[in-house]
Amino acid sequence: MLEGLVTTADVAAAERYVEDVLTRTIERSPGEPEFHQALTELLPTLVPALAAHPEYRRLGILERLVEPERMITFRVPWVDDAGRVQVNRGFRVQYNSAIGPYKGGIRFHPTVNASIIKFLGFEQIFKNALTGLAIGGGKGGADFDPKGKSEMEVMRFAQSFMTEFYRHMGPDVDVPAGDIGVGEREVGFLFGQYKRIRGGFEAGAFTGKGLGYGGSLVRKEATGYGCVYFVEEMLRTRNRSFAGSRVVISGSGNVALYAAEKATQLGATVVAMSDSDGYVVDPDGIDVALMKKIKEIRRGRVREYAEARPNARYVPRSAEIWTVPCDIALPSATQNELDLSGAEALIAGGVVAVGECANMPTTLEAIRRLKEADVLFAPGKAANAGGVAVSALEMAQNSMRLSWTFQEVEENLKHIMHSIFRTALATAGQYGVPGDLVAGANIAGFLRVAKAMAAQGVI
Ligand code: NAP
């Protein structure tokens, strides 16, 4: 459709512009490899959009987009059970508010640093735009490890984190949610402290809340379910489906558990799941109810699953999960967990589709290799947008002081995921990269944000 309107000179100018912004941003952000990786994956895919919209170069949209509106770093002191003072580092990147208040999760994990928060926040801008809802991009966290801490230690840490962060957030300013290491328990502690300091019940200031105090049905399930809905649509393009397929899912946290639940409901057999210590293979299909009991209630390890199921086997090396033969792989744990050797192993095992339920779980080399082997690939920005989409539905319910039923929210989620898939596919076709969901998703998200930025002046 755009052919004929865009000249080769436009394309060359767009390529130079992207290269220039990419090089300069990387130079100005030393020591931030995950952020560099996210930029390198995303910016070159925008060339067709920038060639069709030379005005965005004039307006410096890309230079402004890669620079966070604000980045906050703060001290989080707390006292452990032995009475020792501990100090962690808290972060929040308020990346882009062109289409709505900053929105994005909070991660508590020892690996959290400025690079990780910036890559997550940058990707969040495009993911949120793709949902079609009015939410900007942000992300936060701390290098705190909830693993092995008592409940009171987690609470004291969360309260200290919020004692600084409360002044930077609010229902129309910045609305956090959970992420790795921040589930319903941690959201409860964070929201409780926010409410106490603010002196009012601002339900719309936080999402992922418990059902008893403003949370939404399906929020817990949303990212995993949404990812499976997206991949199901993608499989349909090759007359495949989850029914009768073998699925490997890395991780066993919030996203992984509900991806496993939905895949099983759709007739798939989930043959393997993992945590950071190792993975389990269950040829009879993972018993999701048992895995939920171990992980959600007992806060245990996947090793315990193998001890409870006679045919299951435990392998104490989580990175090797991709050697388990499967039709569909859903990386659902963390960034860069699926590298080139993992991709080779999946291809050798007959994989047909890979869906990124986690954020940036696949390295650039692995994505290239999967593409070469004609494996269907669902990028995280699109495929895992279900969590933030239902967070936005939680905000809507909070504003109306109403609660929708499970069916209502799930229908909405399914509709949003299908519409994200169609948008990514159609945009890819429209911009000359048919079938490339990575480029389609990036361009569609970018165009929505760029249009709003252009309308609001140079700010
Ligand atoms: P979670 O509940 O904390 O679970 C994380 C899972 O990943 C755990 O099983 C954890 O195992 C495993 N894991 C963490 N680091 C690992 C490593 N280095 N190697 C192997 N496994 C590792 O977190 P989550 O909410 O499911 O998030 C998972 C991913 O989805 C993240 O990339 C997150 O950003 C993304 N995401 C989440 C949401 C959401 O709504 N929650 C929305 C969009 C995207 P251990 O217990 O051993 O650490």
Could you tell me whether Lys381 and Glu41 make a salt bridge, using a distance below 4.0 angstrom between a side-chain N and a carboxylate O? yes
Using the rule given for salt bridge (Lys or Arg N to Asp or Glu O under 4.0 Å), can you reason through Asp174 versus Arg70, listing the C-alpha separation, both sets of side-chain angles and the distance that settles it, and then say yes or no? CA-CA 12 Å; Asp174 185 348; Arg70 198 169 296 103; over 6 Å; no
When you look at [atom1] of [X], are more than 12 heavy atoms from neighbouring residues, nucleotides or ligands closer to it than 6.0 Å?
X: Asp20; atom1: CG; value: yes
X: Arg89; atom1: CZ; value: no
X: His415; atom1: NE2; value: no
X: Lys451; atom1: NZ; value: no
X: Arg64; atom1: CZ; value: yes

Test item: side-chain donor near acceptor, Arg236 and Ser241, under 3.5 Å: no
Report the C-alpha distance between Glu408 and Thr405 in whole Å, list the side-chain angles of each, state the deciding distance to 0.1 Å, and finish with yes or no for side-chain hydrogen bond (donor to acceptor under 3.5 Å, both in side chains). CA-CA 5 Å; Glu408 280 175 298; Thr405 64; 3.2 Å; yes
Show your reasoning for whether salt bridge (Lys or Arg N to Asp or Glu O under 4.0 Å) applies to Arg28 and Glu67. CA-CA 10 Å; Arg28 292 172 69 219; Glu67 193 65 30; 3.6 Å; yes
Measure the [atom1]-[atom2] distance between [X] and [Y] for me, rounded to the nearest 0.5 Å.
X: Leu133; Y: Arg448; atom1: CG; atom2: CZ; result: 7.0 Å
X: Lys220; Y: Glu296; atom1: NZ; atom2: CD; result: 5.0 Å
X: Phe119; Y: Lys139; atom1: CZ; atom2: NZ; result: 8.0 Å

Look at the rings of Phe191 and Tyr213 and say which category their plane angle falls in: under 30° parallel, 30 to 60° tilted, over 60° perpendicular. parallel
Could you walk me through whether Arg92 and Tyr102 satisfy the side-chain hydrogen bond (donor to acceptor under 3.5 Å, both in side chains) test, starting with their C-alpha distance in whole Å, then the side-chain angles of each, then the deciding distance to 0.1 Å, before giving a yes or no? CA-CA 10 Å; Arg92 184 74 177 173; Tyr102 311 107; over 6 Å; no
Under the salt bridge (Lys or Arg N to Asp or Glu O under 4.0 Å) criterion, do Arg369 and Glu344 qualify, and how do the steps go? CA-CA 8 Å; Arg369 182 71 191 96; Glu344 296 288 7; 3.0 Å; yes
Using salt bridge (Lys or Arg N to Asp or Glu O under 4.0 Å), reason through Glu232 and Lys262 one step at a time and then give a plain yes or no. CA-CA 11 Å; Glu232 180 81 345; Lys262 185 50 73 183; over 6 Å; no
Centroid-centroid distance, Tyr166 to Tyr194, less than 6.0 Å: no
Pick from Lys127, Gln124, Glu123, Gln335: which one makes a side-chain hydrogen bond (donor to acceptor under 3.5 Å, both in side chains) with Asn359? Lys127
